[in-house]
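Below, each value reflects all heavy atoms present in this structure, side chains not excepted, and no hydrogens, waters or symmetry copies. Per chain, numbering begins at 1; letters A, B, ... match sequence-line order. In this text the structure is predicted, and so the values were computed from the model without any measurement.
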Number of protein chains: 2
Amino acid sequence: MTTTMTDEKLRNHSIRPTAIRKTILDLFISSGYALSHADIEKLLDNQCDRVTIYRTLERFEQQGLIHKVPDNSNINKYAVCADTSCTSQEHHDEHLHFTCEQCGNIFCLNIMNMPTLELPSGYLLNRISLEAEGVCKECNEMN
Amino acid sequence: MTTTMTDEKLRNHSIRPTAIRKTILDLFISSGYALSHADIEKLLDNQCDRVTIYRTLERFEQQGLIHKVPDNSNINKYAVCADTSCTSQEHHDEHLHFTCEQCGNIFCLNIMNMPTLELPSGYLLNRISLEAEGVCKECNEMN
DNA sequence: AAATTTTTTGCAACCTGGTTGCATTTCATT
DNA sequence: AATGAAATGCAACCAGGTTGCAAAAAATTT
Ligand SMILES: [Mn+2]
Ligand SMILES: [Mn+2]
Ligand SMILES: [Zn+2]
Ligand SMILES: [Zn+2]
């Protein structure tokens, strides 16, 4: 059996490449936007137990393969991390998350200059996260 | 019976000033940070049903009295809106939300210049929201 | 001041996203 | 082939939040 790219990516992050995990990683890679547990469950259509999906997402995140994407509807969404950026030690996903008001999808966007900001004195800044809402490219073109 | 300030504030937002509502609004006003349903329930210690708290929060938000504060633990937190900014028509809470890694509290901070940003072409920007993490003033001074 | 209508509250039941414990299966190692 | 470790499935659970409906309270009309 040949070692696929997905296989390698999993191994590189110390994740054993089981069938389910390869499938789920493929979903993430080929998706243009962030996926929720429910999204994946639907796409997989009973190929595995829902708990397995939860545990896969947990593992992927711990190992720096995907990152949580803030979603104002209080459900977890995830997207693949940029190729080299993240490890099991630390995530470095400094980019914009854009929620489309029409399709509801969330996109990771790389913008030129992430803003720097000054806090009131006394506050120590460690991480910054930037979110935006509007209409995405696809939905825009549809109108 | 004299008309208190809390009373007026509620009436100004077309919310009938019942005892519970006044109490909850007072909690918000005197709190330095965002409150969750659980926070309020604890502070109120069974003075009312939990559903009533949920409905009060809902109402307050609809009427532009409080706004949702993004919290990465997937639970809703709320903070009072700046005095004149928000109505039942629209919220205008353009400020920074700062989560303290130590105490876990979330603070609304007014910073000088909210960043403006350029999106990739095709995306239409409607709202932007800025969050930061670090150590808050109080926790900083404790160390 | 009654009577009527509208709004708020409490209670029980429910829903959805997510977690935990444990037995079974799968996989890598010896 | 035998052993041990990691992954999976299943059932039960939990927490935050919602819904429907009846009782209570407040506002409005007569
Ligand atoms: Mn992202
Ligand atoms: Mn705020
Ligand atoms: Zn869209
Ligand atoms: Zn703090």
Exercise for review: Identify the heavy atoms of B/Leu65 and B/Leu10 that sit nearest to each other, and give their distance.
Suggested key: CD2-CD2, 3.7 Å
Exercise for review: Can you figure out which of D/dT18, D/dT8, C/dT9 approaches the side chain of B/Arg21 most closely?
Suggested key: C/dT9
Exercise for review: Could you tell me the separation between the CD1 atom of A/Ile20 and the C1' atom of D/dA7, rounded to a whole number of Å?
Suggested key: 8 Å
Review point. Which listed nucleotide (C/dT7, D/dT8, C/dA13) is nearest to the side chain of A/Thr18?
Key: D/dT8
Practice item. Assess whether one donor atom and one acceptor atom, taken from the side chain of A/Arg55 and the base of C/dG18, lie less than 3.5 Å apart. Key: no
Review point. Relative to the 5' end of DNA chain D, which residue comes earlier, B/Asn76 or A/Thr56, by the nucleotide with the nearest heavy atom?
Key: A/Thr56
Practice item. Take the protein atom CG of B/Asn74 and the nucleotide atom P of D/dG16, then report the distance between them rounded to whole Å. Key: 11 Å
Practice item. Report the residue (B/Val51 or A/Val51) whose heavy-atom-nearest nucleotide on DNA chain C is the more 5′ of the two. Key: B/Val51
Check your understanding: Within the modelled atom types, does a donor on one side and an acceptor on the other bring the side chain of A/Arg50 and the base of D/dG9 under 3.5 Å apart?
Key -> no
Review point. Are B/Phe98 and A/Tyr123 near enough that their ring centres are under 6.0 Å apart?
Key: yes
Point to revise | Minimum-distance nucleotide (side-chain atoms of B/Arg16 versus D/dG17, D/dA27, C/dG18) | key: D/dA27
Exercise for review: Examine the side chains of B/Thr23 and B/Asp26 and answer whether a donor and an acceptor come within less than 3.5 Å of each other.
Suggested key: no
Revision key, fill the gap. The nucleotide from C/dG10, D/dG9, C/dG17 with an atom nearest the side chain of A/Ile75 is C/dG17
